[in-house]
*Asks:* 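Supplied in structure tokens, the structure appears directly below.
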Amino acid sequence: MASQASHSELKLHQPENFQFNSVPDSHDWLYLYDHPFADPIGPDSVPVIDLTYSKLIEKIGKACEEWGVFLITSHGIQPELLNQLGSQIHRLFALPTEVKLKVAKTEARMPGYGGVPSARFFPKFTWSEGFSITSSPREHAQKLWPDDYSSFCEVIEEYKKITRQLGCRLMHIMLLSLGLTEEEINHTAIGDSNKILTSMHLNSYPACPNPDRALGLVPHTDPGLVTILYQDGVSGLQVLRHKDGNGPARWVTVPFIPGTLVVNMGDLMHVLSNGRFHNVLHRAVVNKTDQRLSAGQFFVPPVDVNVGPLNRLITGSQPVYKSVPWLEYWKLRETLYDESLQAIKVDGHGKEEGEESTCKPRNFGFEHHFDLDKRIGARSNRYK
Ligand SMILES: C=C1C[C@]23C[C@@]1(O)CC[C@H]2[C@@]12CCC[C@@](C)(C(=O)O1)[C@H]2[C@@H]3C(=O)O
Ligand SMILES: O=C(O)CCC(=O)C(=O)O
Ligand SMILES: [Fe+2]
């Protein structure tokens with residue numbers, strides 16, 4: 001059970017409690033315009049890949065290398081299931097705060113209602129609520145809806161099962177695109193799809209009185225292999241685009257296209273591919289009129305598996321990263337955040353030109369107003 005202290009802190013920072021006409025200082029970000037916003041039409045439009053395409057392997061490989069994110073259509077998940085997922089997420093976040101607090105997280109990485117672990121590296125609160133699901137949601141659902149918890153569980157379980165197969169299929173295609181044979185794929189850390197682990201995180205970004213000043217989700221890369229993201233009708237996900245050498249880094253909005261799902265590369269896919277696949281930096285912004293809902297499904301290998309550049313990719317060339325157990329990398333992420341990849345680089349592979357820390361400067365221009373160490377302390381205490 002979460003302590004009273006964490007309950008009151010969580011409650012204080014839930015946007016639904018804000019009856020203000022403007023964003024309070026605790027949620028007021030200065031850093032939103034660190035990079036310009038791209039025109040989403042033309043060369044800066046996120047690739048959309050129909051999974052029934054011919055030359056699918058090449059198309060997926062290209063999108064992984066050039067973008068690190070793409071939208072998929074014809075993925076085989078019934079629109080009805082996606083609609084049900086959207087309705088259940090809506091039903092969850094529409095519950096009164098006191099009810100949601102019955103299942104508040106006791107720690108950032110635990111399942112339940114609350115924020116995301118990466119938020120503690122940032123000086124301000126985000127305009128969002130979250131709900132993490134690591135195994136079955138049943139125990140929490142029973143507390144939220146004692147008389148009707150099964151519909152939530154059934155939809156989540158079904159969606160998890162189907163997207164799990166989809167994610168494993170996509171990762172298989174990604175490895176084929178890197179030139180691996182079926183035999184070689186079987187010997188990789190992710191060759192056995194039965195061993196892949198997944199977890200889910202549901203997000204609600206309430207409409208915000210001043211979206212130019214608030215952020216839905218802090219800029220981050222996903223630490224694992226890949227993520228499949230469902231968005232329920234409103235766009236808000238932005239990816240930082242700078243890989244094509246064409247102009248300065250810019251935030252590109254991933255459009256909402258009905259029936260599509262977003263796929264993005266995490267740090268481990270970047271490592272496995274010896275830096276070829278782009279672990280895309282992304283964040284979520286909010287808007288003035290609509291609540292936005294999303295659901296991320298995160299794919300990771302078993303904790304004890306060693307993750308390093310694939311043998312096939314380092315024969316004849318230098319590995320860019322060391323091979324480390326996934327658990328070790330995960331711990332590095334917990335402390336170093338956006339500098340964790342740098343920590344496992346093979347000596348001699350310094351920062352690439354143009355490569356910058358994802359959230360630099362750490363104080364986000366708040367140095368005159370803000371003591372970030374205190375904020376990180378306050379945020380971690382929330383889970384104590
Ligand atoms: C299920 C999980 C994956 C996640 C950590 C968590 O325990 C709960 C939230 C998830 C999320 C969402 C935002 C980005 C992210 C990196 C974070 O800080 O929290 C991911 C996490 C992850 O992939 O580790
Ligand atoms: O809600 C979104 O669009 C982004 C979610 C996300 O990046 C995450 O949960 O890791
Ligand atoms: Fe993410």
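All values below come from the heavy atoms of this structure, side chains included, with hydrogens, waters and symmetry mates left out. Every number for a ligand or one of its atoms is a count from 1 in the order of the listing.
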*Asks:* What atoms in ligand 2 come closer than 4.0 Å to a heavy atom of Asn203?
*Replies:*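 Once the distances to Asn203 are compared, the set is 1 (O), 5 (C), 9 (O).
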*Asks:* Should the ring pair Trp145 and Phe152 be called parallel, tilted or perpendicular, given that the plane angle runs from 0 to 90° and is split at 30 and 60?
*Replies:*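 Trp145 and Phe152: tilted rings.
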*Asks:* Less than 4.0 Å between a side-chain N and a carboxylate O, is that true for Lys100 and Glu129?
*Replies:*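 The answer is yes: the pair qualifies as a salt bridge.
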*Asks:* Calculate, to the nearest 0.5 Å, the distance between atoms CZ and NE2 belonging to Phe122 and His220 respectively.
*Replies:*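 Going from CZ on Phe122 over to NE2 on His220, the span is 9.5 Å.
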*Asks:* Tell me, please, whether Trp67 has Arg241 positioned over its six-membered ring: NZ or CZ under 6.0 Å from the ring centre and within 45 degrees of its axis?
*Replies:*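 That pair qualifies as a cation-pi contact.
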*Asks:* Would a distance-only check, ignoring hydrogens and angles, find a side-chain to backbone donor-acceptor pair under 3.5 Å from Arg213 to Trp29?
*Replies:*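 No: the side chain of Arg213 does not pair with the backbone of Trp29.
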*Asks:* Quick one: do Lys161 and Glu158 make a salt bridge, cutoff under 4.0 Å?
*Replies:*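 Looking at Lys161 and Glu158, the cut-off is met.
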*Asks:* Hey, would you say the Phe131 and Tyr113 ring centroids sit under 6.0 Å apart?
*Replies:*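 No, ring centres 6.0 Å or more apart.
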*Asks:* Output, in order, the C-alpha distance, side-chain angles, deciding distance and verdict of side chain to side chain donor-acceptor pair (under 3.5 Å) for Ser151 and Glu154.
*Replies:* CA-CA 5 Å; Ser151 57; Glu154 280 160 19; over 6 Å; no
*Asks:* Would you mind listing which atoms of ligand 2 come within a distance below 4.0 Å of any non-hydrogen atom of Leu217?
*Replies:*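 Every atom of ligand 2 under 4.0 Å from some heavy atom of Leu217: 4 (C), 5 (C), 6 (C), 7 (O), 8 (C).
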*Asks:* Under 4.0 Å from a heavy atom of Asp222: give me the atoms of ligand 2 that qualify, with their elements.
*Replies:*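 Atoms satisfying the 4.0 Å criterion: 10 (O).
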*Asks:* Looking only at protein heavy atoms, which one is nearest to atom 3 (C) of ligand 1, and what is the separation?
*Replies:*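 Protein heavy atom with the smallest distance to atom 3 (C) of ligand 1: Phe298 CD1, 3.6 Å.
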*Asks:* Could you check atom 2 (C) of ligand 1 against the protein and tell me its nearest heavy-atom contact, residue, atom and distance included?
*Replies:*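 Here the nearest protein heavy atom works out to Ser199 OG, 3.8 Å.
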*Asks:* Using a strict cut-off of less than 4.0 Å between a Lys/Arg side-chain nitrogen and an Asp/Glu carboxylate oxygen, indicate whether Asp44 and Arg250 qualify as a salt bridge.
*Replies:*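 Judged by the 4.0 Å cut-off on N to carboxylate O distance, Asp44 and Arg250 do form a salt bridge.
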*Asks:* When you measure from atom 9 (C) of ligand 1 to every protein heavy atom, which one gives the shortest distance, and what is it?
*Replies:*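 Looking only at protein heavy atoms, the one closest to atom 9 (C) of ligand 1 is His201 ND1, 3.4 Å.
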*Asks:* How long is the span from the NZ atom in Lys322 to the OH atom in Tyr329, to the nearest 0.5 Å?
*Replies:*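 The NZ atom of Lys322 sits 13.0 Å away from the OH atom of Tyr329.
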*Asks:* Indicate yes or no for a side-chain donor-acceptor contact from Asp192 to the backbone of Asn194 under 3.5 Å, with no hydrogens or angles considered.
*Replies:*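 The answer is yes, because a donor-acceptor pair under 3.5 Å joins these two groups.
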*Asks:* How wide is the angle at the Fe ion (ligand 3) spanned by His220 NE2 and Asp222 OD1, rounded to 10 degrees?
*Replies:*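 Centred on the Fe ion (ligand 3), the NE2/OD1 angle is 90° (to 10°).
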*Asks:* So how far is it from Thr188 OG1 to Asn311 CG, rounded to the nearest 0.5 Å?
*Replies:*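 It is 10.0 Å, given to the nearest 0.5 Å.
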*Asks:* Are Thr227 and ligand 2 in contact, using a heavy-atom cut-off of under 4.0 Å?
*Replies:*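 The answer is no, since Thr227 has no heavy atom less than 4.0 Å from ligand 2.
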*Asks:* Among all protein heavy atoms, pick out the one at the shortest distance from atom 12 (C) of ligand 1; state its residue, atom name and that distance to 0.1 Å.
*Replies:*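 Residue, atom and distance for the closest contact: Val116 CG1, 3.7 Å.
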*Asks:* By number and element, which atoms of ligand 2 are closer than 4.0 Å to a non-hydrogen atom of His282?
*Replies:*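 This gives 7 (O) as the contact atoms.
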*Asks:* Does ligand 2 come near enough to Arg292 that some N or O of the ligand is less than 3.5 Å from an N or O of the residue?
*Replies:*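 Looking only at distances, the answer is yes, because the N/O contact criterion of under 3.5 Å is met.
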*Asks:* Using heavy-atom distances only, which candidate in Ser118, Pro117, Pro223 approaches atom 19 (O) of ligand 1 most closely?
*Replies:*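 Nearest heavy atom to atom 19 (O) of ligand 1 lies in Pro117.
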*Asks:* Which residue holds the protein heavy atom closest to atom 6 (C) of ligand 1, what is that atom called, and what is the gap in Å?
*Replies:*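 Going atom by atom, the protein heavy atom closest to atom 6 (C) of ligand 1 ends up being Arg109 NH1, 4.0 Å.
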*Asks:* Of all the atoms in ligand 2, which lie at a distance below 4.0 Å from a heavy atom belonging to Phe298?
*Replies:*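 Those atoms are 8 (C), 9 (O), 10 (O).
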*Asks:* For atom 8 (C) of ligand 1, what is the closest protein heavy atom, and at what distance to 0.1 Å?
*Replies:*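 It is Ser132 OG, 3.2 Å.
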*Asks:* Determine, using heavy atoms of Arg333 and all atoms of ligand 1, whether some pair is separated by less than 4.0 Å.
*Replies:*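 Within the 4.0 Å threshold, so yes.
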*Asks:* State the atoms of ligand 2, each with its element, that fall below the 4.0 Å cut-off from a heavy-atom position in Leu229.
*Replies:*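 With Leu229 as reference, the close atoms of ligand 2 come out as 2 (C), 3 (O), 5 (C).
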*Asks:* So is Tyr205 polar-close to ligand 2, meaning N/O to N/O under 3.5 Å?
*Replies:*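 N/O-N/O distance below 3.5 Å exists for this pair.
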*Asks:* Counting each atom of ligand 2 from 1 as listed, which ones have a heavy atom of Ser294 under 4.0 Å away?
*Replies:*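 Every atom of ligand 2 under 4.0 Å from some heavy atom of Ser294: 1 (O), 2 (C).
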